[in-house]
Asker: 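Let me give you the structure first, and then I'll get to my questions.
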Amino acid sequence: MSISVAKHLTADELLAMPDDGYRYELVKGELIRMSPTGQEHGVLTINLTLPLGTYVKANKLGVVCAAETGFKLEQDPDTVRAPDIAFISQARYAKVGRTAKYWDGAPDLAVEVLSPSDTPRKVERKVADWLQAGAQSVWVVNPKRRTVTVYSSQFETVILTEHDELDGGDVVPGFQLTVAEIFAE
């Protein structure tokens with residue numbers, strides 16, 4: 001009798017995979033296929049990416065990365081996640097610089113814009129992964145409720161509505177944007 005053991009995929013193998021039109025994440029060595037997002041998701045993501053990226057660049061605070069950017073959160077077995085928006089502070093970026101590989105560790109800020117296929121459990125797992133890997137803040141944009149939930153830890157959350165202002169806090173000092181602007185047409 002032979003026993004077969006499933007081989008876990010590594011971050012390097014994920015990076016070397018040919019482009020087949022899908023996005024993938026790697027969770028504890030298991031490949032997770034992610035469908036392309038819908039139009040609403042893209043609009044909301046850019047509505048937050050543009051002001052955040054402009055502010056970060058103008059104030060030389062670090063770099064903002066797009067949705068396809070992978071972050072290696074765990075090793076052996078590897079976990080690679082790709083938030084919809086990521087921010088890495090200048091101090092951390094200066095130590096590593098630009099790399100063709102996945103960034104080793106979490107960004108300072110990870111932003112997830114919910115898709116129709118996202119389940120509460122899946123989102124909670126992603127938030128936990130980001131925070132456990134060292135993200136200082138995670139923002140979850142909810143199109144249905146038109147809210148942004150800000151996680152400073154798994155136990156510290158603030159839910160912002162369209163009447164509130166999203167603040168970068170200590171992570172992106174001085175950044176402010178009304179939640180309504182994220183959902184603007």
Side-chain angles (χ1 to χ4, degrees), residues 2-54 56-57 62-89 92-93 96-135 137-145 148-149 151 182-183 185:
S2 67
I3 298 174
S4 67
V5 177
K7 178 186 176 292
H8 287 124
L9 202 64
T10 68
D12 289 338
E13 290 169 327
L14 175 62
L15 189 62
M17 285 177 53
D19 184 0
D20 64 359
Y22 290 96
R23 287 179 45 209
Y24 292 92
E25 287 185 331
L26 193 61
V27 178
K28 299 198 181 297
E30 183 181 328
L31 193 63
I32 308 296
R33 187 169 96 169
M34 300 163 56
S35 297
T37 63
Q39 187 264 346
E40 177 184 53
H41 186 278
V43 169
L44 298 181
T45 302
I46 204 70
N47 282 354
L48 181 51
T49 302
L50 284 174
L52 180 63
T54 300
V56 165
K57 191 168 189 164
V63 296
V64 173
C65 303
E68 290 78 22
T69 306
F71 291 84
K72 187 175 176 185
L73 305 183
E74 293 181 74
Q75 187 171 332
D76 201 18
D78 295 354
T79 294
V80 176
R81 292 277 195 191
D84 293 306
I85 308 167
F87 164 74
I88 304 168
S89 70
R92 290 182 64 220
Y93 189 74
V96 176
R98 189 177 293 176
T99 177
K101 294 191 171 211
Y102 298 124
W103 182 267
D104 195 18
D108 295 277
L109 167 67
V111 180
E112 297 286 354
V113 177
L114 299 183
S115 299
S117 63
D118 283 329
T119 63
R121 184 176 179 188
K122 188 189 320 185
V123 173
E124 287 170 8
R125 181 73 252 153
K126 282 186 178 185
V127 169
D129 284 351
W130 291 122
L131 293 170
Q132 288 169 3
S137 188
V138 179
W139 299 347
V140 177
V141 178
N142 187 324
K144 286 183 183 174
R145 293 188 177 156
V148 177
T149 304
Y151 295 83
I182 298 169
F183 298 104
E185 297 294 321

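As the structure is a computational prediction, the values presented were derived from the model and not from experiment.
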Asker: So, using side chain to side chain contact (heavy atoms under 4.5 Å, CB included) as the criterion, who are the partners of K57 when residues are at least two apart?
Answerer: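 By the side chain to side chain contact (heavy atoms under 4.5 Å, CB included) rule, K57 matches no residue at all.
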Asker: Give every residue pair that meets the salt bridge (charged side-chain N to carboxylate O under 4.0 Å, His left out) criterion with at least one member in residues 100-117, sequence neighbours excluded.
Answerer: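 Every pair satisfying salt bridge (charged side-chain N to carboxylate O under 4.0 Å, His left out) with a residue in residues 100-117: D12-K101, R92-D108, E112-K126.
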Asker: Apply salt bridge (Lys or Arg N to Asp or Glu O under 4.0 Å) to R145 and list each qualifying residue two or more places apart in sequence or on a separate chain.
Answerer: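 By the salt bridge (Lys or Arg N to Asp or Glu O under 4.0 Å) rule, R145 matches no residue at all.
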Asker: Got a second to check how far E40's CD is from T45's OG1, nearest 0.5 Å?
Answerer: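 One finds 9.5 Å between CD of E40 and OG1 of T45.
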Asker: Is the shortest side-chain heavy-atom distance between F87 and V111 below 4.5 Å?
Answerer: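 Side-chain contact under 4.5 Å: no.
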Asker: Is the backbone N or O of L15 less than 3.5 Å from a side-chain atom of Y102, with the two atoms forming a donor-acceptor pair by type?
Answerer: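 Indeed, once roles are kept as given, a pair shorter than 3.5 Å links the two residues.
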Asker: Nearest heavy-atom pair of W103 and G97: which atoms, and what distance?
Answerer: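 It is CZ3-O, 3.8 Å.
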Asker: Return the minimal non-hydrogen interatomic distance between L73 and A133, and the atom names on each side.
Answerer: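 Where L73 meets A133 most closely, the heavy atoms are CD2-CB, 3.7 Å.
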Asker: How would you list, by chain and number, every residue that makes a side chain to side chain donor-acceptor pair (under 3.5 Å) with N47, sequence neighbours excluded?
Answerer: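 Applying side chain to side chain donor-acceptor pair (under 3.5 Å) to N47 gives none.
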Asker: Testing I88, V80, D129 one by one against F71 for a side chain to side chain contact (heavy atoms under 4.5 Å, CB included), which residue passes?
Answerer: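 Option passing the side chain to side chain contact (heavy atoms under 4.5 Å, CB included) with F71: I88.
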Asker: What are the two closest heavy atoms between L9 and D78, and how far apart are they?
Answerer: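 What the structure gives for the nearest pair is O-CB, 4.4 Å.
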Asker: To the nearest 0.5 angstrom, please state how far the CD1 atom of I85 sits from the CG atom of L50.
Answerer: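 Rounded to the nearest 0.5 Å, the CD1-CG separation comes out at 9.0 Å.
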Asker: With sequence neighbours excluded, what pairs up with T49 under the side chain to side chain donor-acceptor pair (under 3.5 Å) test?
Answerer: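 Applying side chain to side chain donor-acceptor pair (under 3.5 Å) to T49 gives none.
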Asker: For residues 26-39, dump all side-chain donor-acceptor pairs below 3.5 Å to protein atoms at least two apart in sequence or in another chain.
Answerer:
| unit_1 | atom_1 | unit_2 | atom_2 | d |
| --- | --- | --- | --- | --- |
| K28 | NZ | E74 | OE1 | 2.8 |
| K28 | NZ | E74 | OE2 | 3.2 |

Asker: Step by step, would you call T149 with N142 a side-chain contact (heavy atoms from CB on, under 4.5 Å)?
Answerer: CA-CA 8 Å; T149 304; N142 187 324; over 6 Å; no
Asker: Just one of K122, R81, R125 clears the salt bridge (Lys or Arg N to Asp or Glu O under 4.0 Å) bar with E25, so which one?
Answerer: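 So, applying the salt bridge (Lys or Arg N to Asp or Glu O under 4.0 Å) to E25 and each of K122, R81, R125, only R81 qualifies.
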Asker: Taking all non-hydrogen atoms of both residues into account, name the closest pair between D84 and V113 and its distance.
Answerer: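 In this case the closest contact between D84 and V113 is OD2-N, 2.6 Å.
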